Amino acid sequence: MRGPVVVLGDTLLDRDVEGVVNRLCPDSPVPVLDETAASDRPGGAGLAAVFAAAQGAEVVLVTALADDAGGARLSALLAAAGVQVYPLALSGATPEKIRLRARGRVLLRHDRGGASGEPGQPSDEVLRVIGAASAVLVSDYGRGVARQPALRDALSATRAPVVWDPHPRGPAAIPGVHLATPNESEVRDLVPALPGASRLATASRGAQGLRRRWRAGAVAVTLGGDGALLCHAGSTPLVVPTPGSAEGDTCGAGDRFAAAASLALARGALVSEAVQAAVAEASAYVAGGGVAAALPPPARPMPTSVVGPGGDRVGVAPVATLLAEVRATGGTVVATGGCFDLLHAGHVATLQAARQLGDCLIVCVNSDASVAGLKGPDRPVMSEGDRARLLAALSCVDAVLIFDEPTPDAALSWVRPDIWVKGGDYATGGGDDAATLPEAEVLKRWGGNTVVVPYLDGRSTTDMIARTLAERTR
């Protein structure tokens, strides 16, 4: 593959609540679910991206993330799955789908998040990565990303094969897509069936109608446990049956199908070969236990609050509120990050300089587990809660976000700061110092910038700890 596989579309937060039902509600004849476990995962385009990344591909996800706890959770889950997120702004709340389950069966689905928010404009880097893709999967869930004009122009211009997984509430596919992958229900919504027509006749008529309407190279209608029907050049469709019985939870099977077809096309397969591979992948996925068995363990959630003085400015909720307030007035969001183990004068100088660059300063702090992974088992000296409270007490700091990963990439993809600040004694020999920062490539995804501010020489947490230990051993 000459470039990454790009997945573009709407990402939702899916949550499964497992429980047991042993009684009915006393004031209404409905079952009472006693919760025993809960897990969350990316849904929609995010799930398709996770599936593609699990196959070893380099995967870029172009999606919209809201300034709320759901957006923060999605960013962490996607980063943990190895997906590179190129975020767009999203007005409104993160769409969530909560499934209440007992004994493996869904009792009720609770949707929240309200009407679709408006996705923001893509950065130049988003448009560039679409042009450099080895394949593009448009995973449309009808919430607006696939309708964004600049993205559609970039999709029309790319030379990569484009797979379009449509939604009845979404826009038409761009003309000339290599493969569209609607399911039976979507085909019936998009192309009304003739009365009395058989299942295969309905699927074939719908596929041919969509192929002409969208000027698509091919349309594959997924038929659940019976495989898929492929219509391309010529009047005779190709029926691709499943390799065996595929009983089980089908949630996410369509995303698995579309992701597998996109990967096959990226590797040079013919459309018919890609559809056969996708049927085999989706069938194995359902037979193997579905989404619960296919995904890695979820990442630990970002702490939502810290108890004690200053705790009202620590966590996802206060950061989300701050972001909404600053962006509503067109302000500049500044962020910086680090371990901040033993806060010293060098840290304070960096934070004060950073705050002067914008309208708010958010500090991203490594969690205890993250610090231990970076610095060793004897660190941190102070707990994440204490470090966060100390930072939040500074007048130059507006909010603090604790993150669990080795790098702040997931936190940055959610916060999307306009400016990322690092303090350091970098050489000033005329080179592009900011470009050497690892966060610089991440900031480019949404058009942010990285800067370096002067560092107070001789201040180092590691050196301070080493000197203290040395003095104790004398």
Side-chain angles (χ1 to χ4, degrees), residues 1-9 45 47-61 81-83 133-140 158-166 173 177-184 186-187 200 203-204 207 210-211 216-234 236-291 293-295:
M1 293 188 289
R2 64 181 179 88
V5 173
V6 174
V7 180
L8 183 152
L47 183 60
V50 170
F51 287 152
Q55 299 301 309
E58 179 188 1
V59 178
V60 164
L61 173 63
V83 176
S134 59
V136 180
L137 167 59
V138 179
S139 181
D140 183 20
T158 186
R159 299 176 63 184
V162 176
V163 176
W164 196 284
D165 195 9
V177 298
H178 279 62
L179 176 67
T181 60
N183 61 33
E184 284 184 279
E186 290 163 345
V187 166
L200 283 180
S204 179
L210 291 178
R211 195 170 76 86
V219 174
V221 181
T222 55
L223 304 173
D226 293 321
L229 180 144
L230 174 64
C231 287
H232 43 36
T236 304
L238 172 69
V239 174
V240 182
T242 56
S245 176
E247 297 293 330
D249 185 0
T250 60
C251 177
D255 297 304
R256 188 62 172 253
F257 180 95
S262 302
L263 284 174
L265 290 174
R267 292 165 178 156
L270 300 174
V271 170
S272 58
E273 295 170 334
V275 171
Q276 292 176 62
V279 168
E281 280 280 342
S283 300
Y285 162 82
V286 174
V291 71
L295 296 185

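All values derive from a computational prediction rather than experimental measurement. In this chain, residues are counted from 1 in sequence order.
- A distance of 8.5 Å separates CD in Glu58 from OG in Ser134, rounded to the nearest 0.5 Å.
- Considering every non-hydrogen atom in both Cys231 and Arg211, the closest pair reads O-CD, 3.6 Å.
- For the residue pair Val163 and Ala258, the shortest heavy atom distance occurs at CG1-O, 4.4 Å.
- Using a 4.5 Å heavy-atom cutoff, the side chains of Val5 and Leu137 are not in contact.
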Applying side-chain hydrogen bond (donor to acceptor under 3.5 Å, both in side chains) to Thr181 and Asp165, what does each step give before you reach the verdict? CA-CA 5 Å; Thr181 60; Asp165 195 9; 3.2 Å; yes

Pair Tyr285-Thr250, side-chain contact (heavy atoms from CB on, under 4.5 Å): steps then yes or no: CA-CA 8 Å; Tyr285 162 82; Thr250 60; over 6 Å; no

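- The closest donor-acceptor contact from the side chain of Gln55 to the backbone of Ala52 lies at 3.5 Å or more, if one exists at all.
- Residues Val221 and Ala207 share a closest heavy-atom pair of CG2-CB, 3.7 Å.
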side-chain contact (heavy atoms from CB on, under 4.5 Å) between Val239 and Asp226: does it pass, once the steps are laid out? CA-CA 9 Å; Val239 174; Asp226 293 321; over 6 Å; no

Before giving the answer on side-chain contact (heavy atoms from CB on, under 4.5 Å), spell out for Asp255 and Val50 the whole-Å C-alpha distance, their side-chain angles and the decisive distance to 0.1 Å. CA-CA 10 Å; Asp255 297 304; Val50 170; over 6 Å; no

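- Counting all heavy atoms, side chain and backbone alike, Val279 lies closest to Ala228 at CG2-CB, 3.8 Å.
- Closest approach of Ala57 and Leu263 over heavy atoms only: CB-CD2, 3.5 Å.
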Set out, in order, the CA-CA distance, both residues' side-chain angles and the distance that settles side-chain contact (heavy atoms from CB on, under 4.5 Å) for Thr242 and Val286, then state yes or no. CA-CA 11 Å; Thr242 56; Val286 174; over 6 Å; no

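- Rounded to the nearest 0.5 Å, atoms OG (Ser204) and CG (Leu238) are 11.5 Å apart.
- Between the side chain of Arg256 and the backbone N or O of Ala48 there is no donor-acceptor pair closer than 3.5 Å.
- Closest heavy-atom contact between Ala49 and Val7: CA-CG2, 4.0 Å.
- Summarising the geometry, atom OG belonging to Ser262 is positioned 12.5 Å from atom CH2 belonging to Trp164; distances are rounded to the nearest 0.5 Å.
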